There are 2 protein chains.
Amino acid sequence: MAIKQSTTRAEQALRVLRQQILSGAHPGGTRLFEVALADELDISRTPVRAALAKLAEEGLLDRAKGGGFVVRSFKLADVTDTIELRGVLEGTAARFAAERGARPEDLRRAQQILDEIDAAIWGQNIDMDAYSRLNSAFHTLLVDMAQSDALRREIARVTALPFASPSAFLEDEGEADRLARNVRAAHEQHRAIVEAIALRQGARAEAVAREHARAGLRNVRALTGASPGRPEGARALALLST
Amino acid sequence: MAIKQSTTRAEQALRVLRQQILSGAHPGGTRLFEVALADELDISRTPVRAALAKLAEEGLLDRAKGGGFVVRSFKLADVTDTIELRGVLEGTAARFAAERGARPEDLRRAQQILDEIDAAIWGQNIDMDAYSRLNSAFHTLLVDMAQSDALRREIARVTALPFASPSAFLEDEGEADRLARNVRAAHEQHRAIVEAIALRQGARAEAVAREHARAGLRNVRALTGASPGRPEGARALALLST
DNA sequence: GCTTCGGTTAATGTATACATAGCTCAGCGA
DNA sequence: TCGCTGAGCTATGTATACATTAACCGAAGC
């Protein structure tokens with residue numbers, strides 16, 4: 001190969017294929033053929049195969065029975081169940097944090113994030129970029145506070161799906177007033193979760209974190225129920241089949 | 001290749017390597033080299049690589065930063081957290097079953113399994129083979145009753161680890177009387193879970209299923225606390241690192 | 001007409017040669 | 001002595017030729 005490249009071919013293939021799948025270019029149930037992809041991407045079969053295996057590991061592809069890979073098809077029930085599942089797992093993280101005791105520096109950091117979110121959503125206009133970033137930081141910190149690698153790993157797996165991440169649908173909202181109401185309500189839950197953890201109230205922390213995830217569920221219903229077709233802005237639902 | 005073989009080389013490598021890891025032949029943190037394994041197994045690098053990727057998918061290996069694979073190292077906290085996590089997920093399955101309503105045929109099948117377990121553990125001697133088989137069937141049915149593919153998938157992932165399966169430690173028990181007590185107590189929980197599902201008592205079903213998983217936790221403590229070294233019979237804990 | 005057999009084809013499985021990157025360490029110079 | 005540098009080694013990355021298998025399809029026979 002003449003041209004030096006910083007990334008490997010397998011990583012290139014992985015990025016391109018992941019983006020294609022997430023954008024809905026390959027509908028659920030589509031079988032992906034190594035030769036066709038290798039030809040299309042101008043990469044040999046070996047790294048393409050490695051990329052497909054990794055996408056299966058991420059949960060975007062299923063392994064077909066006789067070998068090969070199929071794009072996983074997500075029904076609406078899969079989306080709602082996965083969001084509920086994220087709530088269950090984040091609830092467990094919150095409970096662990098409360099039961100085991102959060103580190104003082106983590107609690108201080110949590111308070112800091114809460115205050116920064118307050119600043120971002122205070123006033124008439126909400127700084128959505130800042131909120132999205134801080135919201136992600138909050139959920140990452142929540143998992144850290146649980147002090148459990150096993151739990152961290154499972155939460156990472158579930159939230160790898162685009163519609164299950166804590167920040168899903170934040171960019172997809174249409175009406176600004178509904179978005180503002182949702183964001184402010186969600187933030188009250190953020191505060192309640194941290195307070196419950198600080199007070200070692202495990203059951204409360206779990207229940208609130210669980211309910212917190214259901215805010216995403218409401219967004220899914222709003223997006224799918226409002227218009228019969230798929231809203232143009234709902235990037236997180238692009239790979240939803242039928 | 002002259003000799004016809006029913007299974008592929010990759011499957012052979014997968015089986016052998018999985019067994020080796022589960023038996024503790026490669027301690028946690030050990031890096032697995034493709035060439036060495038290929039040489040040892042008399043299989044070329046390509047299928048060995050496929051096997052390693054699949055073991056990473058199963059959670060037995062981690063991908064190293066610069067490429068390559070490392071045997072995942074499990075600390076005692078990972079074992080206990082994973083078992084607790086299984087309880088959380090099976091609890092969610094029980095709750096889903098209760099909330100959504102179990103199919104009549106599933107409830108009938110559950111009753112049948114409960115009665116068969118009664119027969120197996122009734123009397124002085126417990127038929128452990130039968131109990132192990134029926135216990136697995138019960139937990140499979142529980143997941144079925146939840147009617148959620150997303151949940152089924154995550155439970156399958158978590159219980160793929162040898163120490164997290166519902167039937168882990170059933171063969172590892174030393175004292176027959178303690179085993180009998182544990183098994184009979186566990187079965188009472190089986191009955192309570194089914195009853196709660198039938199009565200649509202979601203919170204009760206979740207709580208009991210969660211507690212049910214903690215029986216496995218008690219077994220881990222008994223096995224690790226009793227003797228300083230690793231008990232010879234504790235196959236499920238063979239891959240636990242120091 | 002239906003079934004069954006056999007060949008073709010199109011996919012994945014496998015082996016292997018070669019490329020490349022990262023590490024170690026010897027050697028040299030300031 | 002320290003640090004730089006480059007050679008070489010060893011690992012994974014990549015391309016590709018070939019093997020194998022399974023599914024499709026058409027023709028022959030019942």
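Lettering of chains follows the sequences in order, A, B, ..., and the numbering in each one begins at 1. Here the structure is a predicted model, which means the values were calculated and not measured.
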Closest-nucleotide 5' rank along DNA chain D - winner of B/Val35 and A/Gly66: B/Val35
Round to the nearest Å and state the distance from A/Lys65 atom NZ to D/dA22 atom P. 11 Å
Let me know the distance between CZ of A/Phe33 and C1' of D/dT21, rounded to the nearest Å. 15 Å
Go through the structure and list residues passing salt bridge (Lys or Arg N to Asp or Glu O under 4.0 Å) with A/Glu116, not counting sequence neighbours. none
Looking across every strand, which nucleic acid part, if any, lies under 4.0 Å from B/Leu52 by heavy atom: base, sugar-phosphate, or nothing? nothing
Nearest-angstrom distance from the residue atom CD of B/Glu11 to P of C/dT12: 16 Å
In whole angstrom, what separates B/Glu34's CD from D/dT12's P? 5 Å
Between C/dT14 (P) and B/Leu14 (CG): distance, integer Å: 12 Å
With B/Phe138 via ring pair (Phe, Tyr, Trp, His ring centres under 6.0 Å) - residues at least two apart: B/His190
Side-chain heavy-atom pair B/Met145, B/Thr140 within 4.5 angstrom cut-off: no
Within this structure, what is the CD-to-C1' distance between B/Gln12 and D/dT20, rounded to whole angstrom? 14 Å
Going by the ring-ring contact (aromatic ring centres under 6.0 Å, His included) test, which pairs reach into residues 40-81 of chain B, not counting sequence neighbours? B/Phe74-B/Phe163
How would you label the contact of A/Arg31 with the nucleic acid (heavy atoms, under 4.0 Å): base, sugar-phosphate, or nothing? sugar-phosphate
Residue pairs involving residues 76-85 of chain B (criterion salt bridge (charged side-chain N to carboxylate O under 4.0 Å, His left out); sequence neighbours excluded): A/Arg95-B/Glu84, A/Arg100-B/Asp81, B/Lys75-B/Asp78, B/Glu84-B/Arg214
Hey, does A/Ala50 reach any base, or is it just sugar-phosphate, or nothing, if we go heavy atoms under 4.0 Å? nothing
DNA chain C contacts among residues 38-47 of chain B, heavy-atom distance under 4.0 Å: B/Ile43, B/Ser44, B/Arg45, B/Thr46, B/Pro47
Qualifying salt bridge (charged side-chain N to carboxylate O under 4.0 Å, His left out) pairs, either residue in residues 15-33 of chain B, two or more places apart: B/Arg18-B/Glu58
